[in-house]
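Quick notes on the structure that follows.
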Protein chains: 4
Amino acid sequence: MQSKSRTIGRDGPSFIEVARRAQIVECAIETIAAIGYAQASLNQIAERAGISKSVISYHFAGKDELIQQVLTDVSQAGAALIWPRVQAETTSAGMLRAYIQSHLDFMRDHPKQVAAVSEILLYHRAQTTAEHDTTPLEERLRQGQRDGEFRTFSPRLMAWTIRAALDEVARQYVADPSLDLDEAARELARNFALATTAHTPGLTHPDSGCQVSRGG
Amino acid sequence: MQSKSRTIGRDGPSFIEVARRAQIVECAIETIAAIGYAQASLNQIAERAGISKSVISYHFAGKDELIQQVLTDVSQAGAALIWPRVQAETTSAGMLRAYIQSHLDFMRDHPKQVAAVSEILLYHRAQTTAEHDTTPLEERLRQGQRDGEFRTFSPRLMAWTIRAALDEVARQYVADPSLDLDEAARELARNFALATTAHTPGLTHPDSGCQVSRGG
Amino acid sequence: MQSKSRTIGRDGPSFIEVARRAQIVECAIETIAAIGYAQASLNQIAERAGISKSVISYHFAGKDELIQQVLTDVSQAGAALIWPRVQAETTSAGMLRAYIQSHLDFMRDHPKQVAAVSEILLYHRAQTTAEHDTTPLEERLRQGQRDGEFRTFSPRLMAWTIRAALDEVARQYVADPSLDLDEAARELARNFALATTAHTPGLTHPDSGCQVSRGG
Amino acid sequence: MQSKSRTIGRDGPSFIEVARRAQIVECAIETIAAIGYAQASLNQIAERAGISKSVISYHFAGKDELIQQVLTDVSQAGAALIWPRVQAETTSAGMLRAYIQSHLDFMRDHPKQVAAVSEILLYHRAQTTAEHDTTPLEERLRQGQRDGEFRTFSPRLMAWTIRAALDEVARQYVADPSLDLDEAARELARNFALATTAHTPGLTHPDSGCQVSRGG
DNA sequence: GATGAATGAGACTTCATTCAT
DNA sequence: CATGAATGAAGTCTCATTCAT
């Protein structure tokens with residue numbers, strides 16, 4: 001049954017179908033995380049899965065659909081973890097800390113997923129047109145500035161930096177799982193808290209939870 | 001006569017040999033920057049260079065050596081621009097600013113080189129063993145801490161973040177050359193100045209005087 | 001239970017078996033007529049039939065048997081329409097006209113069947129050994145000559161020409177159903193009537209009075 | 001050097017290049033003629049040529065270009081033989097006879113070419129849009145009618161019939177080279193002479209002065 | 001009876017590399 | 001020094017067929 005021509009009947013895809021697709025997606029993630037996107041041929045993925053190469057073609061319309069599924073699955077799982085925690089924060093500083101913290105939490109639980117997605121996005125970046133759309137993160141930063149909680153900076157550049165830092169940590173973590181993610185989270189949170197907040201000399205930051213106070 | 005088995009006579013590689021290699025490296029850079037590493041086959045490179053595909057094989061042991069040469073050449077050119085300016089600074093803060101500024105200057109003058117190297121590194125990251133050696137930048141940051149100029153933070157993580165931010169800007173600049181590099185330099189310099197500097201001298205952060213450590 | 005290894009019990013194939021086979025044959029015909037033999041994979045056929053691909057394999061020993069069945073079914077249906085009308089004629093000229101006319105009639109009523117068979121024969125011609133057996137049509141033409149109703153010509157070549165013309169009209173009709181088959185029938189009938197009949201007894205054709213003889 | 005990216009310099013393709021392409025085209029023709037278009041994979045063609053499969057990809061942009069080259073080569077050779085002889089005739093009847101005769105002459109000299117082209121055209125017919133353009137042959141027939149030399153008939157249908165007959169003879173000749181082409185030429189010429197000529201001047205056929213028309 | 005699932009063969013294509021000239 | 005030519009490995013995808021349920 002080809003995924004493309006699948007007739008979604010009363011029951012949709014069978015349980016086995018779902019399980020197989022999930023398994024293949026998982027193997028694809030492992031393979032990409034392990035040997036890199038460039039080397040992750042269908043052959044390699046199938047080999048790791050212990051299945052024939054054609055099985056992938058049977059459950060997915062093609063390599064593209066498989067990769068797309070990887071992105072979708074991981075993105076959804078990540079968003080489900082991250083955004084609720086971000087939304088729960090009341091201050092922009094808290095939001096930023098939650099954003100970083102929850103990213104690294106997700107990374108700890110799903111290191112390969114993060115690495116694989118990172119690989120895929122990098123490899124596709126060259127081919128996909130640069131997206132100049134505002135990202136959710138950038139929008140949050142902008143909001144923090146409007147609220148006067150953040151100092152004046154380029155939200156876009158700051159967003160790029162935060163994302164790049166998170167991705168880099170992801171890659172490093174995959175390369176060396178002994179990396180202390182908790183410590184990395186604290187460090188990143190503090191670094192970007194300092195970078196985004198208008199610090200006011202004389203006001204201390206005992207717990208690094210920056211206070212709002214516009215200076216200059 | 002393959003480059004690898006070249007017999008180094010009295011004079012080493014001939015002038016023509018050197019010039020040819022340089023030309024090929026340049027063409028490789030342009031091709032990779034233009035169409036991405038994944039699409040940059042030897043065929044494509046040779047075509048853009050207006051030379052035969054075999055010329056590359058003649059002057060280089062293989063594609064790997066060519067790519068390695070690209071990395072070497074660009075890295076050397078970059079280092080030649082960056083480190084003198086960094087060394088000229090007397091304070092760690094000045095050093096960091098010079099590091100960022102000179103990187104973006106190099107980027108403006110050699111966008112293709114930067115783009116090509118960026119592409120190559122991305123595609124090879126998975127295969128290259130993670131280097132746990134201390135990078136020069138990390139060492140500088142550490143020095144700034146020893147001098148008491150920088151606050152306490154993880155030098156390694158900070159170095160990662162800085163490098164990641166610079167790479168990200170490089171990619172964005174390649175994708176959209178209208179990006180204002182001067183502004184980006186100012187922004188990044190300020191962001192990392194804030195992140196690295198203990199703005200409230202005398203007040204330490206006992207709860208986070210940590211380093212990103214391995215193990216556990 | 002494979003069709004080939006089917007155990008013919010008391011009653012032979014069951015009613016369901018027969019019906020299923022007929023349905024599959026029909027779907028195969030429609031698919032081949034619609035998208036061409038080259039594109040008509042079992043997948044395509046099963047999809048159009050709304051059945052599983054395996055059903056075909058279950059009821060037929062393989063694709064070959066299915067295709068063979070298509071040929072058989074259509075040929076039988078065609079023969080059932082054509083030969084009675086041909087037999088009903090008393091003269092050879094009438095027979096020829098009836099042959100052509102009934103072919104085009106069958107074509108009008110069963111355009112897909114004709115198209116499918118046409119496609120199949122084309123694709124299998126190279127593989128099937130050329131049949132040097134005398135065809136029924138050729139035999140009829142020969143009879144017309146014996147009766148003195150037809151002039152002297154090569155019956156085999158004439159039969160080839162007639163069949164080729166009918167096939168060509170079939171293909172054209174499938175490609176463009178607005179083709180006027182009645183008109184085509186009249187035209188073909190007249191053309192071959194003129195070609196086969198010694199129209200002016202006593203008038204010789206000194207410039208090309210060729211005899212029919214096989215072999216060089 | 002890929003055919004597509006070939007830079008046509010001063011001298012154009014090298015002698016060897018031309019020879020290799022010609023050889024491959026020839027092998028493609030032989031293969032198609034021998035085992036049919038459907039079975040004529042690049043593997044098969046390369047095998048018969050005694051070369052590697054990649055050699056074909058080296059000299060041709062892809063299978064499509066190879067097949068196109070086969071069509072072009074054979075069509076040009078055929079046209080070069082046929083049309084001068086047709087043009088040399090002064091009467092329409094002579095033209096038609098020359099058309100048939102020269103086709104079979106070409107067939108005798110290049111049986112495989114004719115068979116291959118026949119196969120290719122048949123296999124592509126289903127995919128290519130039916131051409132409703134007037135063919136040169138049809139135009140000639142029309143001219144013969146205007147001159148009053150030919151009787152009234154549908155030029156399009158007659159052209160179809162003639163072409164179909166020639167193609168059929170080609171296939172039969174390939175299947176059985178002992179076929180007497182001279183006799184076939186005489187037979188076909190006579191058949192179509194009879195079919196096209198108003199053999200009884202003064203006797204018109206008012207009931208069938210029709211053309212194969214569309215619509216309805 | 002029926003079918004979802006799996007599979008191996010083979011198709012076309014791209015690519016880095018090698019070789020003879 | 002240079003290159004046209006050739007090649008084999010590997011990639012993605014399609015397909016007819018087989019098997020366990």
Side-chain angles (χ1 to χ4, degrees), chain A residues 1-2 6 13-17 19-21 38-46 49-66, chain B residues 1-2 14 16-17 20 38-46 51-67, chain C residues 1-2 14 16-17 20 38-46 51-67, chain D residues 1-2 6 13-17 19-21 24 38-46 49-64 66:
Chain A
M1 180 192 306
Q2 301 293 17
R6 158 176 291 292
S14 72
F15 172 74
I16 289 185
E17 169 82 3
R20 249 310 190 223
R21 277 180 68 102
Q39 305 301 322
S41 69
L42 291 187
N43 237 338
Q44 291 283 343
I45 296 173
I51 57 178
S52 166
K53 192 172 42 172
S54 333
V55 180
I56 300 178
S57 292
Y58 175 72
H59 288 284
F60 294 88
K63 196 182 186 182
D64 285 354
E65 195 197 326
L66 172 57
Chain B
M1 189 191 303
Q2 300 293 19
S14 73
I16 288 184
E17 169 79 6
R20 258 297 199 222
Q39 306 300 322
S41 67
L42 289 188
N43 233 335
Q44 291 282 343
I45 295 173
I51 58 177
S52 167
K53 192 171 43 172
S54 328
V55 180
I56 301 177
S57 295
Y58 179 74
H59 287 283
F60 294 89
K63 195 183 187 183
D64 286 352
E65 196 198 327
L66 171 58
I67 297 304
Chain C
M1 187 192 305
Q2 299 294 20
S14 74
I16 288 184
E17 169 80 5
R20 259 300 200 216
Q39 306 301 323
S41 68
L42 290 188
N43 233 336
Q44 291 282 343
I45 295 173
I51 59 177
S52 166
K53 192 170 47 171
S54 327
V55 181
I56 300 178
S57 295
Y58 180 73
H59 288 283
F60 294 88
K63 194 180 187 185
D64 286 353
E65 195 197 326
L66 171 58
I67 296 304
Chain D
M1 182 188 306
Q2 300 294 19
R6 160 178 291 291
S14 72
F15 172 74
I16 288 183
E17 169 81 6
R20 245 321 186 217
R21 278 179 67 103
I24 293 171
Q39 305 301 323
S41 70
L42 291 187
N43 239 338
Q44 291 283 342
I45 296 173
I51 58 179
S52 166
K53 189 173 45 172
S54 333
V55 179
I56 300 177
S57 292
Y58 175 72
H59 289 283
F60 294 88
K63 195 181 187 184
D64 285 354
L66 172 57

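For the numbers below, each heavy atom of this structure counts, side chains included, while hydrogens, waters and symmetry mates do not.
Between the CD1 atom of I67(C) and the P atom of dC15(F) there is a distance of 14 Å, given to the nearest Å. Atoms CD1 (I56(B)) and P (dT18(E)) sit 14 Å apart, rounded to a whole Å. Atom-to-atom, CD1 of I45(D) to P of dT13(E) comes out at 11 Å; the value is rounded to the nearest Å. Counting to the nearest Å, the P atom of dG1(E) and the CD atom of E17(C) are 7 Å from each other. Counting to the nearest Å, the C1' atom of dT17(F) and the CG atom of L66(C) are 14 Å from each other.
Rounding to the nearest 0.5 Å places CD1 of I51(A) at 5.0 Å from CD1 of I56(A). Summarising the geometry, atom OH belonging to Y58(A) is positioned 11.0 Å from atom CZ belonging to R20(A); distances are rounded to the nearest 0.5 Å. With values rounded to the nearest 0.5 angstrom, I24(D) atom CD1 is found 7.5 Å from L66(D) atom CG.
Across all their heavy atoms, K63(A) and A40(A) have their closest contact at NZ-O, 3.1 Å.
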When Watson-Crick pairs (N1 to N3 and N6-O4 or O6-N4) and G-U wobble pairs (N1-O2 and O6-N3) count only below 3.5 Å on both distances, what is the dot-bracket string of DNA chain E, with | for other-strand pairs?
.||||||||||||||||||||

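Summary of the strand contacts: F15(D) and D64(A) both lie near DNA chain F, and taking for each the nucleotide with the nearest heavy atom, the more 5' one is attributed to F15(D).
For S41(A), the side chain to side chain contact (heavy atoms under 4.5 Å, CB included) criterion is met by N43(A), Q44(A), not counting sequence neighbours.
Using modelled atom types, one side-chain atom of R21(A) and one backbone atom of H59(A) make a donor-acceptor pair closer than 3.5 Å.
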A correct 5'-to-3' footprint of nucleotides 6-12 of chain E, with B, S and - meaning base, sugar-phosphate only and no protein heavy atom under 4.0 Å, is BBB--SB

